[in-house]
Structure formats: C-alpha cells, structure tokens
Amino acid sequence: MLNGLLSNCIFCRIGNGDVRSDKVYEDEEFFAFKDINPQSPVHVVVIPKKHISDLSVASDGDKVMLGCIQLLIAKIAKQFSELNNGFRVVSNCGYDAGQTVFHMHYHLLGGRIFAWPPG
Ligand code: 5GP
Ligand code: ZN
C-alpha cells in the first residue's frame, strides 16, 4: 500500500502520534522529529505523513509533496544555529543505500564537518 497510513509502519505511527518522538515540526502533511540514534549533533528526520515506501516509487502525483518537503527541510534547518554554516540532506532509498525504515524520509544532518564521499 502506498497511500494512507500503515499500522505496522513505525514512521506512520510517529506521524500520527501513536508512537512518541521528540517532535521538531508538524503540520497537516509533514512531521519532523529527532532521530533516536543521531549521527551528528543535529539529526532530524522529516517525513510526509502519507505512507510512501521510498523515493523510487514516487510518481507525478507526488511532485508538490516532494517540493514542499525540501522547502520545509530548509525552513527547519533555520531553527538550528548549529546549521548556520551548512547541513546535509540524505534520503536513503532501498537496501543498498542503507534504508532501514521503509517510509520515505529525509535526514537533516549537521553540527559537524562531514566527509565526502559518504561511506
Ligand atoms: P534509514 O536507515 O531508513 O535511512 O533511517 C531510519 C532512521 O530512523 C534511523 O536513523 C533510525 O535511527 C531512525 N529511527 C528508527 N526508529 C526510530 C524511532 O522509533 N524513533 C526515532 N526518533 N527514530 C527512529
Ligand atoms: Zn509509513
């Protein structure tokens, strides 16, 4: 199922408030919260509330959502002074990329210097 909420999806449950999280932002469409296992001083996970497993299954109907979520990430970044000098936005897509939660999300990372290429 690509639309709506999945009861066995941890990010659907965080997005609808069934599972507690350290919330950073919420509106009707999106939810952002601190990662439980932060990889940098600032590590926020930003999700659409609507379930979509990963970017590879996004369609033309998701164009507005995908634009809005990136603008939202930039807006959230402004809330953290640690990100004034830059931040990284990552969306792991599929097993080879290291995706572990199959509800599309973006990681907003910062507060330290990152290496490139990533591991
Ligand atoms: P992925 O590995 O799929 O790119 O990212 C999933 C992220 O979700 C990981 O960084 C992981 O630490 C985080 N995560 C998984 N379960 C939970 C949870 O229940 N609460 C929070 N706050 N983060 C979670
Ligand atoms: Zn979900």
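Order of listing sets the numbers, starting from 1, for every ligand and every atom in it. Note that the structure is a prediction, hence the values are computed from the model and not measured.
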(request) Distance to 0.1 Å, residue and atom name: give those for the protein heavy atom nearest to atom 15 (C) of ligand 1. (result) Val101 CG2, 4.0 Å
(request) Could you tell me how the ring of Phe31 sits relative to the ring of Phe33: parallel (under 30°), tilted (30 to 60°) or perpendicular (over 60°)? (result) tilted
(request) Check Gln39 against ligand 1 and report side chain, backbone, both or neither, counting heavy atoms closer than 4.0 Å. (result) neither
(request) Could you grab the angle centred on the Zn ion (ligand 2), going from ND1 in His103 to SG in Cys9, to 10°? (result) 110°
(request) For atom 8 (O) of ligand 1, find the nearest protein heavy atom and state the residue, atom name and distance (0.1 Å precision). (result) Phe11 CZ, 3.3 Å
(request) Note the single closest protein heavy atom to atom 5 (O) of ligand 1, along with its residue, its atom name and the distance in Å. (result) His105 NE2, 2.9 Å
(message) Please verify the inter-ring angle class for His103 with Phe11; under 30° counts as parallel, over 60° as perpendicular, anything in between as tilted.
(response) perpendicular
(request) Calculate, to the nearest 0.5 Å, the distance between atoms CD1 and CD1 belonging to Ile14 and Ile36 respectively. (result) 7.5 Å
(message) Starting from atom 12 (O) of ligand 1, what is the nearest protein heavy atom, named by residue and atom, and what distance separates them?
(response) Asp35 OD1, 2.5 Å
(request) Answer yes or no: does an N/O atom from His43 fall short of 3.5 Å to an N/O atom of ligand 1? (result) no
(message) Give me the nearest non-hydrogen protein atom to atom 19 (O) of ligand 1 as residue plus atom name, then the distance to 0.1 Å.
(response) Ile10 CG1, 3.7 Å
(request) Ignoring hydrogens, just give me the one of Ile36, Ile47, Thr100 whose non-hydrogen atom is nearest atom 2 (O) of ligand 1. (result) Thr100
